[in-house]
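The structure appears below as structure tokens.
Residue numbers count from 1 along this sequence. Because the structure is a prediction, the values reported are computed rather than measured.
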Amino acid sequence: MTSVLSKQTWIWTTLGLVLTRLSYCSGSGPDIAKYFGTKGRYEEVNPHLLQDLLSVNRSVLKAPLTDGCVPVQLTAVIRHGSRFPTVKNIRRIRELSELVLKEASSSEEWMEEIRRWEMWYSDDMDGKLVEKGREDHRYLAKRLSILFPSLLSEENLERGRIWFQTSSKHRCVDSIEAFQQGLYEHWGVEEVRYHHKVNDELMRFFEHCRGYVEGVENNRTALVEVEKFKGGEEMEEVRRRMAERLGLPLHRITADLAEAAFFLCSYEFSIRSVSSPWCFLFDDADAKVLEYKSDLKQYWKRSHGHVINGRSSCPLFHHVFSRLDQNLDQAGRLSRSSEAASILVGHAETLLPLLSLLGLYKDQAPPTARNYHSQHGRSFRSGQIVPYAANLLFVLYDCHQGPRLQLLLNESPVRFPGLEEDAPLYRDVRDKYRDLLDGCDFHKECEVKSSRGPNTEL
């Protein structure tokens, strides 16, 4: 079967590489960037920002014009900005670089560029925020200030009506400081005074959920679909093509090294904005396979693959709705709130479980090791959902008919599953999630139970 696939894919491989290299020559970056998954730039989701980082489309605010709606509260859950590789990936990149320099025999012109490439990543970089990541958050803050001028205002900050909370990880702390710096720059204030609280129980809830840690994080069987795909036919083809391009025996290119080269291509682009010669090792077909492998991991480790993945985010779910509820009186009408905005900075591992709990991006058929070819139209694509600086916005409006709530992901409207309006009445949203609001007890959910294993509902 492999030999048949080899013959069929040779022409597509050659054509794909030619097209990829043309994209480098044009200066637009690698075409495969759209497949970088959680290591992708925010601009791949919002390409208009490449022309203007302050571009804001006010039409994304979807509260009915006839209902006299005014935004009164914003809760933003945001992933940290672009970062260096973790030490695990840095060591894999180093291993890959040393292997290629010593053993690769390819005579391709781009191979000389790879040989000239110097390993510049060091272990002490370990996931730290890069300057591009600071820019991600500075400009996100400015755009949100333009979109919500009455909420993200200097007056509200001075009155203590804007709250900032973050994960303890340095990349998150640096991101929330960059966000605050962006606000001050937007307001034209030179002196930046940082106001934020570290709260890992809220932003790294997954670490505190025993059921998740034991049932998924430390359970080898929880990611069996990922392991099957890693050793499957599609990944073998990626390894074979990469080995052929480098002039190496197939056994020298493991699945981990193939992924390391793909990650290196993504890091060089997201950190340095360069089209790395390492990207020449992959065509469009390869990139789709590697994206799928990454999506499988995110799905089964952080999203709908296991019930406990979403349930572990109960603390964050309740926090968001408690901030919204404090704007209402006992009759459900808007009352004066002490909080205009809540800015929460965490990780992809923070956002994906919450999105899962809300019922978003759940395809009819779950991705598995066996159905890659039927999953090309899936909605669960981690690079579109949680790129660097991904943000989930809850916007509460005061309207004539009653409070309304709108959800935006990465500055684009997203509907609550099962509700017909972009900004439904808040009471309808609460009815939708009544069972979770009345339950979803973190301590009960995170007890170690066999029922918190695979999501049998899939």
Just by distance, do the side chain of Thr254 and the backbone of Leu257 share a donor-acceptor pair under 3.5 Å?
yes
If you measure only the distance, is there a donor-acceptor pair under 3.5 Å linking the side chains of Asn391 and Tyr42?
yes
Parallel, tilted or perpendicular for Phe317 and Phe321, by the 30°/60° rule?
tilted
Partners passing side-chain hydrogen bond (donor to acceptor under 3.5 Å, both in side chains) against Gln375 (at least two apart in sequence or in another chain):
none
Check: Val216 main-chain N/O paired with Trp300 side-chain donor or acceptor under 3.5 Å
no
Verify, without hydrogens or angle tests, whether Arg134 (side chain) and Ala178 (backbone) share a donor-acceptor contact under 3.5 angstrom.
no
Of all heavy-atom pairs between Arg92 and Ala260, which one has the smallest distance, and what is that distance?
CB-CB, 3.9 Å
Tell me, please, which residues at least two apart from Lys34 pass salt bridge (charged side-chain N to carboxylate O under 4.0 Å, His left out).
none
Would you say Ile90 and Phe84 make side-chain contact, with heavy atoms under 4.5 Å?
no
Glu201, CD: over 12 other non-hydrogen atoms inside 6.0 angstrom:
no
Indicate yes or no: does Asp295 engage Arg381 in a salt bridge with an N to O separation below 4.0 Å.
no
Sequence neighbours excluded, the answer for side-chain hydrogen bond (donor to acceptor under 3.5 Å, both in side chains) partners of Arg83 is none
So Ser175 and Ile78, side chain to side chain contact (heavy atoms under 4.5 Å, CB included) or not? Walk me through it.
CA-CA 9 Å; Ser175 291; Ile78 311 173; over 6 Å; no
Please find the pair of heavy atoms, one from Ser145 and one from Leu183, that lie closest to each other, and give the distance.
OG-CD2, 3.0 Å
So, Arg41 and Glu44, do they make that salt bridge, N to O below 4.0 Å?
yes
Determine yes or no for a side-chain-to-main-chain donor-acceptor pair under 3.5 angstrom, with Asn89 supplying the side chain and Thr86 the backbone.
no
Identify which one of Val77, Thr350, Leu392 satisfies the side-chain contact (heavy atoms from CB on, under 4.5 Å) criterion when paired with Leu355.
Leu392
Below 4.0 angstrom, N of the basic side chain to O of the carboxylate: do Asp136 and Lys132 qualify?
yes
If I compare all heavy atoms of Pro403 with all of Leu328, which pair ends up nearest, and what's the gap?
CG-CD2, 3.6 Å
Could I get the full list of salt bridge (charged side-chain N to carboxylate O under 4.0 Å, His left out) partners for Arg302, not counting sequence neighbours?
Glu217
Glu131 backbone acceptor or donor facing Glu135 side chain under 3.5 Å
no
For Asp422, what residues pass the salt bridge (charged side-chain N to carboxylate O under 4.0 Å, His left out) criterion, not counting sequence neighbours?
Arg415
Decide side chain to side chain contact (heavy atoms under 4.5 Å, CB included) for Glu227 and Lys230; before the verdict, give the C-alpha distance in whole Å, the side-chain angles of both, and the deciding distance to 0.1 Å.
CA-CA 5 Å; Glu227 292 305 312; Lys230 186 175 175 180; 4.0 Å; yes
Looking at Leu202, is its backbone amide N or carbonyl O close enough to the side chain of His319 to form a donor-acceptor pair, meaning the two atoms are under 3.5 Å apart?
no
For residues Leu290 and Ile32, determine if any side-chain heavy atom of one lies less than 4.5 Å from a side-chain heavy atom of the other.
no
Pair listing, ring-ring contact (aromatic ring centres under 6.0 Å, His included) test, anchored in residues 373-393, at least two apart
Tyr299-Phe380, Tyr372-His376
Please confirm whether the backbone N or O of Lys444 pairs with a side-chain atom of Asp441, one donor and one acceptor, at under 3.5 Å?
yes
Asp200 side chain to Val198 main-chain N or O, any donor-acceptor pair under 3.5 Å?
no
Compile the donor-acceptor pairs under 3.5 Å between side chains in residues 432-439 and protein atoms, sequence neighbours left out, one pair per line.
residue, atom, partner, partner atom, Å
Lys432, NZ, Pro417, O, 3.0
Tyr433, OH, Leu358, O, 2.8

Are Ile146 and Arg58 packed together at the side-chain level, in the sense that at least one heavy-atom pair is separated by less than 4.5 angstrom?
yes
Return the set of residues passing side-chain hydrogen bond (donor to acceptor under 3.5 Å, both in side chains) with Arg143 (not counting sequence neighbours), or none when no residue passes.
Glu411
For Asn410 and Ser412, run side chain to side chain donor-acceptor pair (under 3.5 Å): C-alpha distance rounded to whole Å, both residues' side-chain angles, the deciding distance at 0.1 Å, then the answer.
CA-CA 6 Å; Asn410 302 326; Ser412 294; over 6 Å; no
Phe229 and Tyr292: aromatic ring centres closer than 6.0 Å?
yes
Residues that Thr75 engages under side-chain hydrogen bond (donor to acceptor under 3.5 Å, both in side chains), provided they are two or more places apart
Gln73
Looking at Glu225 and Lys301, does any basic side-chain N land under 4.0 Å from a carboxylate oxygen?
no
Any side-chain to backbone donor/acceptor pair from Asp67 onto Gln401? Under 3.5 Å, distance only.
yes
Between Phe262 and Phe282, what is the ring plane arrangement, given parallel below 30°, perpendicular above 60°, and tilted in between?
perpendicular
Inter-residue atom distance Leu357.CG - Leu352.CG, 0.5 Å rounding:
12.5 Å
Determine, stepwise, if the pair Leu49 / Tyr139 fulfils side chain to side chain contact (heavy atoms under 4.5 Å, CB included).
CA-CA 10 Å; Leu49 297 178; Tyr139 279 93; over 6 Å; no
Val429, Leu407, Leu408 screened by side-chain contact (heavy atoms from CB on, under 4.5 Å) with Phe394, the one that passes:
Leu407
Looking only at atom types and distance, does a side-chain atom of Arg404 sit under 3.5 Å from a main-chain N or O of Tyr397, one as donor and one as acceptor?
no
Partner residues of Asp325 under the salt bridge (charged side-chain N to carboxylate O under 4.0 Å, His left out) criterion, sequence neighbours left out:
Arg430
Only counting residues at least two apart or in another chain, list the ones meeting side chain to side chain contact (heavy atoms under 4.5 Å, CB included) with Val72.
Leu334, Leu396, Asp398
Is it true that atom NE2 of His170 has more than 12 heavy atoms of other residues, nucleotides or ligands lying nearer than 6.0 Å?
yes
Side chains of Phe442 and His318: closer than 4.5 Å at any heavy-atom pair?
no
Please enumerate all residues that pass disulfide (SG to SG under 2.5 Å) together with Cys172, with sequence neighbours excluded.
none
Of all heavy-atom pairs linking Pro85 and Ile93, the shortest is CG-CD1, 4.4 Å
Any carboxylate oxygen within less than 4.0 angstrom of a Lys/Arg side-chain nitrogen, looking at Asp256 and Lys88?
no
For the atom pair NE2 (His186) and CZ (Arg138), what is the distance rounded to the nearest 0.5 Å?
15.0 Å
What's the spacing between Ser342 OG and Ile162 CD1 if we round to 0.5 Å?
10.5 Å
Salt bridge or not for Arg240 and Glu244, using N-O below 4.0 Å?
yes
Minimum heavy-atom separation for Ala261 to Trp278, with atom names?
O-CB, 4.4 Å
